[in-house]
Amino acid sequence: MKDKIKGIIESSVLRAHKSKELPSAEFPDIEVEVPKIASHGDFSTNIAMVAASVQKMPPRKIAEAILKHIEDPGHILAKTEIAGPGFINFFISTGAWHPVLRKIHQEDVTYGASNLGQGKKIQVEFVSSNPTGPLHVGHGRGAAVGDSVANILRCCGYDVQKEYYINDSGRQINTLGQSVYLRYKALLGEEIQFPQECYQGDYIRDYAKDILDRKGKALLDQDEAQSILFCARFAARRIISEIRKDLSDFGVEFDNWFSEQSLYDTGKVSAVVEAFKDKHIIYEKEGALWFKTTDFGDEKDRVVVRQNGQTTYFASDIAYHMDKFARGFDRVIDVWGADHHGYIPRVTGAVEASGLSRDRFNVILVQLVNLLREGEPIAMSTRAGEFVTLNEVVKEVGRDAARFIFLTRHYDSPLDFDLELAKKKTNDNPVFYVQYVHARISSILRKGRERGMREFGWDKTAAEMLQEPEELQLIKTMGRYPEVVEDSAKYMEPHRITFYLMELASCFHAYYNKHRVLTDDPTLSKARLCLVLAVQKVIRNGLSLLGVSAPDKM
RNA sequence: GCGCCUGUAGCUCAGCUGGAUAGAGCAACGGACUUCUAAUCCGUAGGUCGCAGGUUCGAAUCCUGCCAGGCGUACCA
């Protein structure tokens, strides 16, 4: 509908210029918005004000000229007016709204989809937690955001891949091996000193026990380094499979699991270091190799190979991002915790250094999660092994509630996650508020079938009976859905969907409380069934982008 | 010190991509179930958009400075 208004304005402006009523041929992009106040119409444009300086005319005069040349072949306009400093307001005739319902019924699961992405390959990498322990709530937020962003982009015509990067190399893996090995030795009765930097959680003991069950005390008879490596690989493999399961229980499935170690095994890390040395982007100083990230806006240069010859995490990160683009992605999106924000300049620098445009790489920084119970903070410390895992949260509050709550804030805003609140079935907890719409409508449809109604789809004559303000409000709100999806794709902001769904749900509940769908008038009942079924489809489509289920009963 | 993020109703947050009278939920108060699910709805009340300047027809939104909070600032990951 908005596009139609845009088209009308555009052609009118051209005609006004041709007839010399508007001197300049220069026109700004036409912005059309839905005014906050209903009395300002269904749509409004500020073009007359924005064009004032170019046209050298007062805004209201420009608006008059535009309105004079308006043509409306489809008869969708009920009224137009000039208001305030020069806004042009458009009032859509009631009958023009009904076809929105036809569109929803026709397009069904694809209502809201678009070709914004034109099939471009785009990768979303998220979670990518180190395989040294279970996922905690913070990872859950990253998972919800990343998964949803990927879903939304896919819905908008991008060819999306969801990827998980496994940091299965380097020091923390060695530390993991050491932690397990020490616990293993302790199980065999040896006196051990368990260092602070080792992983303290109970899961470490479980792995040690499993190794003992499987291998007996064989590990003591061989070279220690070899045993530690064995423990490391064993534990990492176990942790990854548990992470995979936790994510699966959370409704997140990745298209690809990418191993950091593979970058070393295939020589990609050393290749990129050599290549950048040749380009003088990497240089030697004090026995270490440095990447000149200051050339790309970083505060200082960063080490890629240490004095002792070991590569840093940054080295494999460079190779990793090179590899992503080599795999043919037009755009690469990383979802990181906000505590990693200092890494943006250096990774962006690496992307730019290899000749790629920096806007092909985006980082979504997700702020941290504060876990609460009844408003009281739950202390968490990863090092001490005391944390609430994602799995525990999902078990306690349910996957739908957890996912939805993670998406009720802009990712830039810190999130308080209250376990008790998440379980409450009240309006504090908007998941159920939205899901309830779906369930209620299912119930109406069931009742309708019991009464012998069969066809709930689009019917022009019936639909035109929908004249109640609440009905038109619902249709108008549903008409906005495709634009909401596009905007959340453009800005990579899933919370826009969440807020939209709450608004649509609110419109529906208000309607439900005021009007009956199943009435004595068969045509009216048919019209209303067509309406509520459309609402159900939009709710279902939106929830699916968030990875939340749409239940038929609650 | 420097960098990034945040500051909007009592609380939790939208709005920040300049637009008209700044919104929602919760909490408070008052109402609505013999009806398709009350996990719902209707109404009342609640504001110096952190502070001060600037940009312009117009600022919560953009710019500058200041104040407060969070995070970061490793040859750690």
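Protein chains get the first letters and strands the later ones, always in sequence-line order, with residue 1 at the start of each. The figures here come from the full heavy-atom set of this structure, side chains too, leaving out hydrogens, waters and symmetry mates.
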Considering every strand and a 4.0 Å limit on heavy-atom distances, what is the contact class for [X]: base, sugar-phosphate, or nothing?
| X | value |
| --- | --- |
| A/R516 | base |
| A/A439 | base |
| A/K300 | sugar-phosphate |
| A/S506 | nothing |
| A/Y512 | base |
| A/K553 | base |
| A/Q367 | sugar-phosphate |
| A/Q172 | sugar-phosphate |
| A/H410 | sugar-phosphate |
| A/A288 | base |
| A/A52 | nothing |
| A/H438 | nothing |

Does A/Y512 have A/R440 sitting over its ring (NZ/CZ under 6.0 Å from centre, angle to axis within 45°)? yes
[N] - base-pair partner by Watson-Crick or wobble geometry, distances under 3.5 Å:
| N | answer |
| --- | --- |
| B/rU35 | none |
| B/rG23 | B/rC13 |
| B/rU64 | B/rA52 |
| B/rG43 | B/rC29 |

Under a 4.0 Å threshold between the charged nitrogen and the carboxylate oxygen, would A/D459 count as salt-bridged to A/K526? yes
A/E396/A/R373 ion pair, N-O < 4.0 Å: yes
Interatomic distance at [atom1], [N] relative to [M], whole Å:
| N | M | atom1 | answer |
| --- | --- | --- | --- |
| B/rC2 | B/rA9 | P | 29 Å |
| B/rG19 | B/rC75 | P | 44 Å |
| B/rG46 | B/rG3 | P | 42 Å |
| B/rU44 | B/rC36 | C1' | 30 Å |
| B/rC67 | B/rC51 | P | 15 Å |
| B/rC66 | B/rG72 | P | 23 Å |
| B/rC62 | B/rA14 | P | 15 Å |
| B/rG10 | B/rG47 | C1' | 12 Å |

Between [X] ([atom1]) and [N] ([atom2]), how many Å, whole number?
| X | N | atom1 | atom2 | answer |
| --- | --- | --- | --- | --- |
| A/I344 | B/rG72 | CD1 | C1' | 11 Å |
| A/F406 | B/rU12 | CZ | C1' | 16 Å |
| A/E33 | B/rU61 | CD | P | 17 Å |

Can you see if the side chain of [X] gets near the phosphate of [N] - specifically, an N or O under 4.0 Å from OP1 or OP2?
| X | N | value |
| --- | --- | --- |
| A/S413 | B/rA14 | yes |
| A/R60 | B/rC57 | no |
| A/Y313 | B/rA74 | no |
| A/R496 | B/rG15 | no |
| A/H495 | B/rG15 | yes |

Syn/anti state of B/rC33 by chi, 90° boundary around 0: syn
Suppose we call two aromatic rings close when their centres sit under 6.0 Å apart. Are [X] and [Y] close by that rule?
| X | Y | answer |
| --- | --- | --- |
| A/F406 | A/F417 | yes |
| A/F258 | A/Y164 | no |
| A/H495 | A/Y411 | no |

Look at the side chain of A/N89 against the base of B/rA20 and say whether a donor-acceptor pair falls under 3.5 Å; ignore hydrogens and angles. yes
On a plain distance test, is the side chain of A/N46 in donor-acceptor contact with the base of B/rG19 below 3.5 Å? yes
Heavy-atom neighbours of A/K285 NZ exceed 12 at 6.0 Å: yes
Aromatic ring of A/H40 stacked on base six-ring of B/rA20, 5.5 Å, 30°: yes
Aro-ring/base stack A/F87-B/rG19, d under 5.5 Å, angle under 30°: no
Salt bridge (Lys or Arg N to Asp or Glu O under 4.0 Å) for A/R528 and A/E471? Distances and angles first, verdict last. CA-CA 9 Å; A/R528 291 185 169 170; A/E471 292 169 336; 2.7 Å; yes
Pairwise 5' ranking along RNA chain B for A/K425 and A/E81, keeping only the more 5' one: A/E81
